[in-house]
Structure formats: structure tokens, C-alpha cells
Amino acid sequence: MKLGDALEIAVRTDPGRIRPHNEDAVFGDAELGMAILADGMGGYNAGEVASGMATTLLATNFSRLVPAVFPQGARASDGGLVEQHLISEISAANSAIYNAAQRQPQYAGMGTTLVLAWFYDNRLSIAHVGDSRLYRLREGVFEQLTRDHSLLQEQLDGGMITAEEARFSQNKNLVTRALGVEESVEIEIRDHEVKPGELFMLCSDGLNDMVEDDEIALTLQSLSSNMALAADQLNELANAHGGGDNFAVILVRAKADYA
């Protein structure tokens, strides 16, 4: 089965109720098996520039690369090659954002988080930098597959604060890695098997900071057959809980095998 027939993707982003600009950027393409989400940071509109550069550059380059390198679709045996391409393309995007920030004073210090999902051969490669997340709903179990690159996560890992204290921490948005902030960036990559019926969610913190995981999971379970409606409902929930940040979500459902 073609990848585009085996995957269903829904993409949503919204400024929320507080922020004047939307610094989140998203891209999803079932034919490519690609989902990209970035949450920008920086003064004026610099965060919007950084996230926009990340998604546009990566979407453009992978749209050219995937058909050329994997004309029949990537295979599980190509996992090493997939990782090489992820590192190469994301590093190039990091350099482009960093150089733009160096050249133009109004963009100084800009950066963006990134979470990217590449679906191929009944597998998923996840690349991420920062605190944007990817979750999986498998047989009723909702699980976060990425681990935040943030000060808060380091405090949790070190036992300095409890999970309950973390919910109300003032350090929620302090990331320890981001694209474009330094000349090079450390990219975390993980691979997972994908089974028909599973649902994956990429999101910015404008969702997971506003809405508890249990409520997100319940929404996805009840609306799993309608990705567009599920994405709209998550957006409404984030705004109903205050809409304190920009909202971005990409939902991907594996409808069938795509080996």
C-alpha cells in the first residue's frame, strides 16, 4: 500500500488567546510520511522567523530528498541512512537560522524547538530538539515518546522537584537545546515500530502546558476515526484552559501497513 493511503494526517496551529503572534509552525505530508513541528523563540517576530525557516527548509529539502534517495520508500534496513539524512538536514537548518541571526540584528538570539517524525516501512524515526513533544496512542495507552530538553526535565531527572511541583513551575519554558542558537546542535533521534491503528501526536507546549495528558488521551480515543475533528477539539481545549501560548498539533494515524 502507498504511504499516502496508509497514513492520515491532520495539522492545526493557532495563536491562542494571549499571544499577538503565532511563533509555531507546522508541516505534514502523508505521501512523504513526514510531519514537522517547530515552536519559535526570540524578540519581535524573530521566533516566527526561526520556526518558519525550520519547517520550510526541512519540508523543501525532504520533499526533494525522499523521492530521490528512496524512490520506492525507505526500508527498515535503511535506518542508518535515514538517521544520517535527519542529522544532515536538521544541522543545515540549524546553521541557516544561526547565520540569519548573526547577520540581522533584529533576529539576534532567535531559535526554535523542533520535533520531526519520518514514517517509513512500518517504522517511525523521531528527531527532536527542545521541548516540543511526540506522543503515541497504542491500544489505549497514551505515552510520551520524546523527553524534553529543558531545565525542568533536568530538575525532574535529578530529583530536585516532584512531578506535581513541575506542573506549577516557573521554569517550564526554559529549553536547554534549540535550533539556531549555537553553531551546532545535538539532535536526539529514536526509532519505533508502527502498527496499524496507532495514533501519533506532535505538539508544542501550547497544548501540553494547557491540557493534562489524560484529557488529551480521552479526546484522541473518542475521536480517533476523525483526525480533523480531534485536532480541532484539542485546539478548543487549549483555548478553554486559557490559551496562554501558541498552539500547534499534528496528528498521524496509521490506517494500514505501509511496508
Side-chain angles (χ1 to χ4, degrees), residues 8-29 34-56 58-59 110-117 126 128-137 142 144-146 148-150 152 166-175 178-179 199-224 226-253:
E8 180 184 0
I9 296 182
V11 177
R12 294 289 183 277
T13 186
D14 184 77
R17 294 191 167 176
I18 306 296
R19 302 289 179 88
H21 302 291
N22 190 352
E23 297 188 331
D24 290 357
V26 288
F27 170 84
D29 188 319
M34 188 72 59
I36 306 169
L37 185 149
D39 180 356
M41 62 196 79
Y44 301 103
N45 67 336
E48 183 179 343
V49 171
S51 61
M53 285 182 68
T55 52
T56 300
L58 290 168
M110 72 175 176
T112 182
T113 69
L114 176 75
V115 57
L116 182 153
I126 306 167
H128 92 285
V129 178
D131 63 355
S132 291
R133 296 178 175 180
L134 191 147
Y135 291 81
R136 177 183 63 201
L137 180 62
F142 188 59
Q144 183 181 338
L145 297 185
T146 56
D148 294 350
H149 303 136
S150 67
L152 189 63
R167 290 179 57 203
F168 304 99
S169 172
Q170 299 300 309
N171 296 329
K172 276 190 174 182
N173 305 118
L174 297 177
V175 297
L179 285 192
L199 194 157
F200 299 86
M201 183 187 80
L202 294 75
C203 69
S204 65
D205 56 7
L207 174 61
N208 57 266
D209 276 357
M210 296 291 111
V211 186
E212 294 293 334
D213 283 6
D214 289 348
E215 194 171 1
I216 295 173
L218 184 61
T219 300
L220 295 179
Q221 287 171 332
S222 61
L223 298 173
S224 61
N226 191 329
M227 292 291 90
L229 185 58
D232 286 338
Q233 182 62 27
L234 291 173
N235 193 359
E236 290 179 16
L237 282 172
N239 282 332
H241 285 279
D245 200 351
N246 304 148
F247 167 93
V249 70
I250 304 175
L251 301 178
V252 184
R253 184 164 66 96

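Throughout, residue positions are numbered sequentially from 1 according to the sequence presented.
Scored by the side chain to side chain donor-acceptor pair (under 3.5 Å) test, E215 finds H241 as partners (sequence neighbours excluded). Under the salt bridge (charged side-chain N to carboxylate O under 4.0 Å, His left out) criterion, D232 pairs with R12, not counting sequence neighbours. With sequence neighbours excluded, the residues forming a side chain to side chain contact (heavy atoms under 4.5 Å, CB included) with M227 are E8, A10, L199, L251, R253, listed by chain and number. Remark: N22 engages T13, P15, D24, N246 in a side chain to side chain contact (heavy atoms under 4.5 Å, CB included) (not counting sequence neighbours). In this structure Q233 satisfies the side chain to side chain contact (heavy atoms under 4.5 Å, CB included) test together with T219, L223, E236, L237, sequence neighbours excluded. With sequence neighbours left out, F142 forms a ring-ring contact (aromatic ring centres under 6.0 Å, His included) with Y135. Judged as a side chain to side chain contact (heavy atoms under 4.5 Å, CB included), and not counting sequence neighbours, the contacts of A25 are S51, T55.
N235 has its side chain out of reach of V249: every pair of non-hydrogen atoms, C-beta onward, lies at least 4.5 Å apart. Using a 4.5 Å cut-off on side-chain heavy atoms (C-beta onward), L202 and I36 make no contact. For the pair R133 and V115, the minimum side-chain heavy-atom distance is 4.5 Å or more. Residues L137 and M201 have side chains not in contact (no heavy-atom distance under 4.5 Å, counting atoms from C-beta outward). Side-chain contact check for N208 versus Q144: every heavy-atom pair is 4.5 Å or farther apart.
With hydrogens and angles ignored, the 3.5 Å screen pairs a side-chain donor or acceptor of T146 with a backbone N or O of L134. Between the side chain of T112 and the main chain of D39, a donor-acceptor pair closer than 3.5 Å is present.
Here the shortest heavy-atom pairing between D245 and D205 reads OD2-OD1, 3.1 Å.
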